[in-house]
Amino acid sequence: MTTDVASAARNTMQKLYRAPEPQLLKPMIEHARLDTDSRKRVESEARDLIAQIRAAQHKGWVNQFLQEYQLSSSEGLALMTLAEAYLRVPDAATADMLISDKLGEADWRRHSGKSNSKLVNSATWGLTFSRALVGEGETGPLKRLVSRMGEPFVRQGVGAAMRLMGEVFVMGRTIDEAMKRMKKPENKGFTASFDMLGEAARTKKDAEEFFEAYWRAIKAVAREPSANHTISIKLSALHPRYEVSQYDKCVPEMIDLLSQLCSEAASHNIAVTIDAEEADRLDMSLDIIGAVAKRPELRGWDRYGLAVQAYGKRARAVIAWANALDRLMNVRLVKGAYWDTEIKRTQVDGLSNYPVFTRKASTDVCYLACAKDMLSADNIRPAFATHNALTTATILEWARDAHGDDWREFEFQRLHGMGEGLYEKLVREDGYHCRIYAPVGGHRELLAYLVRRLLENGANSSFVHQLADNDLNDSDLLADPVEKVASVGGTRLPEIPLPKDIMKDWRNSSGIDLTDRETLMATAEAVNAVPFTPEGTDSVHADPHHPSGRSMASLDAARTSDDDVHSAITSAQAAYPAWDSRPVEERAAIMERYADLIEENRIELMGLIVKEAFRSIPDALGEIREAADFCRYYAHRARCDMALKELPGPTGEYNAMKLEGRGTWATIAPWNFPLAIFVGQNAAALVTGNTVVAKPAPQTPAIARRVVEIGHQAGIPEDAFKLVIGGADVGAELTGDNRIGGVAFTGSTNTARRIASTLLIDEERPIIPFIAETGGINAMIVDSTALPEQVAADVLTSSFRSAGQRCSALRLLIIQEDVADSMIEMLSGAMDVLSMGDPGDPSTDVGPVIDRDAYDKLMSYRETMRPRWIKTIEPPEEGLFVPPTMIGLDSIDDLTREWFGPLLHVTTWKAGKFKETIEQINAKGFGLTMGLHSRMQRSADVMRHLGRVGNLYVNRSMIGAVVGSQPFGGEGLSGTGPKAGGPHYLARFCAERAVSIDTTSAGGNASLLNLDRG
Ligand SMILES: Cc1cc2nc3c(=O)[nH]c(=O)nc-3n(C[C@H](O)[C@H](O)[C@H](O)COP(=O)(O)OP(=O)(O)OC[C@H]3O[C@@H](n4cnc5c(N)ncnc54)[C@H](O)[C@@H]3O)c2cc1C
């Protein structure tokens, strides 16, 4: 019976995941609404609680420090960003630069003597001194005075301040230290739930260390059974690939690991709660939690449970599921700590709707509705984690209402360092129980956690922040969230548009939620079922593991003959006048229809991309989205750019200009973006009134053939969009025809050079526009302020995704010497858990390279070069798999050409030589993408200024440029510009026609004479 209820709850969860907010909130409004008397009691109790919090806040100097330096001030923000990075910087030079970078911008003097706390005021003095010493702006006697005190003094001071900030939120560096601290008078009457600090595991070693740390914590807590402390566990710490795409591998392993920890905890009767993390992991986490709950050896242990996030749309269904597990579950209700991340991810992935509520009050209402559910559930022992006095007071009211004044079968929870004062009286005088969530870890691990806490304390919407805001009074704090939500019908916050609307002027492409397992499996099945017949004699397409690989000769059968190339140009030329004379609005509408049809046919196209170009399923989806974005963006730009523009001039003259098509364009696309670049080039040429003869790469004709057909279906006349198939010889035939009015090319620098010279051979031929996008030796610089876990993720994505076959891919990683060893160790560990295989398998990270020629070139380079060191992984035995490889170099100069595959060259740079390092990269002559991982704004500014590249990426991966947001294209050896997906692209496809009419030539200047009516 309960099993049925549990699986029904899981089904409901699926339906609610991204449901519209009103649908979810309307029933909750009634459920959570208080009657007038209850509301009065709640308000009065909340007022008392607020008074207690305020009294407690005046006690702690740290609270006063945070109040003085709020996140909304530039000083508060500077401190937060300093705190996030400072303690992991090992070298003095970078530490000083970081201090200077963060402290230098802010005005510390304005805080001088402002606080009631002497300690806070002396901290302000310390900050002012520090700025004077390391900041560039400060001169005069203060600078001279502090200079005498020496820079180490500043570093020590700042380090101590950062450690103090850490201590506010972290209970101890070790579990023993944390347990000792729990015995201090300020924690009297409270119990703790200990959690191990750190970023999610990225390597097997990380995961093993976390497991050990949890194990040790259980043992330590077991030594003091009377203290009644518990353990909280983050599942992401237990496995380096806790991802839906790796479900089959990670879930069984994690069930086993969690069972071991729980069995140990159960043997000492210690409670374990599983933390709640990102929304896309919820389903997977419930599979793991549910499987462990059913373990026979854990039957009878009633101290197991999970955290549920009330900002999530599925929160109530998760509670229903937990209640139906056929055992007692401890449920900790939280509001949720990753709200901003959830909103951003949903927008980036172009999904239908958010997994979380968009109004703070909606989260509050959901929390209250969940709390009410939990208080009446049969199999749930509730824990309410909140620092919000109104939320606490409402729960107290309902607990008393449901179970009587003396009922204490539940607990409150708060985070260490937050909510002080809220529970003191309830615990020490009224006999309620409150547990403190107590993170344990060294200073290096605390940073990410610290930032989450500082954000929580600093966000305008947060209760603790509002409490410190002098502009808000108690009535503001006590406004009823239920009525707030009811007054707007539970609707979405208008400032947070749905992902499809974020681009405002054009519709964002829609994604597929590949983080949802059911969707992922269904997509993979459908994609793999797409029929594909290779063109020519090439049988390797049907089987990417095929050992013989694909060679150019095998593709010749599908080649367009020279005669047919010329007749395609003839047809396209004939179609040009009619197509060009159609209103731009018509052509733009056709491009939008094209985008819609590409999306409607996306499974078929993805199937072709996976099978013909060996792209993984997420990459294939990325292609569809980019192609659709190109069509819609260029439609929008054409409407703006091609409108007649009147120009200024003297009276009696009419001046205007207009963009028009130039004729017939040749477009030459690469195999590495067989759909997106192909469609992008052609959509730009077509929407501006040109006709096109398009040549895809010889490796990917089927994708092109199909998407051209779809273009015709969208309304592009057949003769306006012609396709020719073949390699370099067909390209030469096409571009060598004098009737071609422009060439858009993406591919290698050498081929671009050859095309450019072809265009100039015939002296009779007009010089036509040539747009070339070519490759690059793309470099990323990492300094010692960067977060290694983030670097590892971004480096792996940038260099190995799509088997490194993206022109933007990272080729040369340059790590600051001081952190190189540890960074390379983390990268190696993260590489070890990459999976290689069939691109149609949803768990594949790295597929085969495109053909035998590419494979041979990359492998022979890899085998013959003499690296300082090399790190690689084992590829599958058969097939064109070039294994992801890191190649250690002595210096930047050792890499002289682009290697178009999963080969990442790694070298180091010395602190203090940042500008020189950028110059060395520039000197290579390429200029496509460059990356930086640093927490120093000044370094980003320097790179922006000095880096001769088309696309600079800071603190993120270097691939995946988004149309209209990150216009893409390089300079120097990397291309001619203008940038694809940017505002200047279309103009290059156009002829510019200006007209000037002397309006007085047929008589006087009537308009001038009419100006003054007397
Ligand atoms: C003991 C304990 C354990 C915790 N464990 C976890 C955990 O496992 N996983 C986890 O994610 N968090 C966890 N947290 C953190 C917790 O999510 C936050 O501390 C909590 O959300 C703060 O809620 P509040 O009631 O104190 O504050 P309030 O200020 O009343 O609420 C803040 C909440 O509102 C949300 N919010 C802000 N703006 C909006 C908006 N526009 N639309 C919708 N919602 C909005 C925030 O994301 C946040 O969740 C835990 C907290 C405690 C105390």
Side-chain angles (χ1 to χ4, degrees), residues 81-102 151-152 155 158-159 162-163 166 197-203 205-206 209 240 441-448 450-451 779-799 810 812-832 868-869 871 886-892 904-918 920-921 930-940 942-943 953-958:
T81 46
L82 184 61
E84 191 270 337
Y86 186 78
L87 295 174
R88 67 170 166 262
V89 177
D91 58 303
T94 312
D96 287 346
M97 278 166 60
L98 182 68
I99 296 171
S100 157
D101 192 75
K102 300 302 170 206
E151 294 186 5
R155 281 196 296 278
V158 171
M162 295 302 116
R163 275 188 282 275
L197 276 180
E199 288 281 298
R202 291 251 180 259
T203 66
K205 184 167 161 263
D206 286 349
E209 283 172 6
H443 294 125
R444 210 194 146 281
E445 289 87 46
L446 75 83
L447 305 173
L450 179 60
V451 166
M780 177 191 280
I781 301 183
V782 176
D783 74 18
S784 62
T785 65
L787 182 65
E789 289 82 354
Q790 199 185 351
V791 173
D794 290 341
V795 165
L796 258 58
T797 303
S798 304
S799 42
L810 172 62
L812 178 59
L813 177 65
I814 312 167
I815 310 173
Q816 189 184 320
E817 218 171 48
D818 311 82
V819 290
D821 289 347
S822 55
M823 207 72 94
I824 291 168
E825 190 189 335
M826 175 155 288
L827 282 165
S828 305
M831 272 173 74
D832 285 336
R868 254 188 80 202
W869 53 268
K871 159 74 196 177
M886 278 199 289
I887 298 171
L889 300 180
D890 284 322
S891 101
I892 294 176
L904 172 66
H905 300 83
V906 184
T907 187
T908 56
W909 64 286
K910 276 192 196 318
K913 298 281 179 202
F914 185 63
K915 288 183 184 169
E916 290 82 343
T917 307
I918 299 172
Q920 265 182 291
I921 302 168
M930 201 181 275
L932 171 69
H933 261 277
S934 170
R935 290 297 188 258
M936 285 188 282
Q937 183 57 43
R938 237 171 273 168
S939 299
V942 168
M943 197 179 250
Y953 296 104
V954 180
N955 292 332
R956 49 155 290 170
S957 84
M958 286 165 56

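The first residue in the sequence is number 1, and the count goes up from there. Just so it is clear, the model here is predicted, and its values are computed rather than measured.
For residues 779-799, no pair satisfies salt bridge (charged side-chain N to carboxylate O under 4.0 Å, His left out), with sequence neighbours left out. Identified under the side-chain hydrogen bond (donor to acceptor under 3.5 Å, both in side chains) test for residues 813-828, with sequence neighbours left out: Asp91-Gln816, Thr94-Gln816, Lys205-Glu825, Ser784-Gln816, Gln816-Asp818, Glu817-Lys910.
The side chain to side chain donor-acceptor pair (under 3.5 Å) check on Gln920 picks up nothing, with sequence neighbours excluded. The ring-ring contact (aromatic ring centres under 6.0 Å, His included) check on Phe914 picks up Trp909, with sequence neighbours excluded. With sequence neighbours excluded, the residues forming a side-chain contact (heavy atoms from CB on, under 4.5 Å) with Met823 are Val782, Pro788, Val791, Ile815, Val819, listed by chain and number. Taking Thr203 as the reference, Asp206 meet the side chain to side chain donor-acceptor pair (under 3.5 Å) condition, with sequence neighbours excluded. Scanning for side-chain contact (heavy atoms from CB on, under 4.5 Å) contacts around Pro240 gives Lys204, Ala207, Val833, with sequence neighbours left out. Residues satisfying the side-chain contact (heavy atoms from CB on, under 4.5 Å) test with Arg956, not counting sequence neighbours, are Tyr953, Gln966. When the side-chain contact (heavy atoms from CB on, under 4.5 Å) test is applied to Ala85, the partners found at least two apart in sequence or on another chain are Arg88, Leu98, Thr785, Arg935.
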inquiry  = Run the side chain to side chain contact (heavy atoms under 4.5 Å, CB included) test on Val906 and Leu889 for me, step by step, so that the C-alpha distance in whole Å, both residues' side-chain angles and the decisive distance to 0.1 Å come before the verdict.
reply    = CA-CA 6 Å; Val906 184; Leu889 300 180; over 6 Å; no
task = Apply the test side chain to side chain contact (heavy atoms under 4.5 Å, CB included) to residues Leu813 and His905: give CA-CA distance (whole Å), side-chain angles for both, the deciding distance (0.1 Å), then the verdict.
result = CA-CA 6 Å; Leu813 177 65; His905 300 83; over 6 Å; no
query = After noting the C-alpha distance and the side-chain angles of Ile814 and Leu812, does the key distance pass the side chain to side chain contact (heavy atoms under 4.5 Å, CB included) rule?
reply = CA-CA 6 Å; Ile814 312 167; Leu812 178 59; 4.0 Å; yes
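With respect to the salt-bridge test (charged N to carboxylate O, under 4.0 angstrom), the residues Asp832 and Lys871 qualify.
Under the 4.5 Å side-chain criterion, counting only non-hydrogen atoms from C-beta, His933 is in contact with Met780.
Closest approach of Met958 to Ala779, counting heavy atoms only: CE-O, 3.7 Å. Closest approach of Leu932 and Met943 over heavy atoms only: CB-SD, 3.6 Å. Between Ser799 and Leu904 the shortest heavy-atom distance is OG-CD2, 3.8 Å. Contact record, Asp101 with Arg938: OD1-N, 2.8 Å, taken as the closest heavy-atom pair.
Of the inter-residue distances, the one linking Lys913 atom NZ with Ile781 atom CD1 reads 13.5 Å to the nearest 0.5 angstrom. In this structure, Ile887 CD1 and Thr907 OG1 are separated by 12.5 Å, a value rounded to the nearest 0.5 Å. Atom CE of Met936 is separated from atom CD1 of Ile99 by 11.0 Å, given to the nearest 0.5 angstrom. The CD1 atom of Ile892 sits 10.5 Å away from the CD atom of Glu916 when rounded to the nearest 0.5 Å. Residue Arg202 holds its CZ atom at 8.5 Å from CD of Gln790, rounded to the nearest 0.5 Å. Note that the OG1 atom of Thr908 and the CD1 atom of Ile824 stand 8.0 Å from one another [nearest 0.5 Å].
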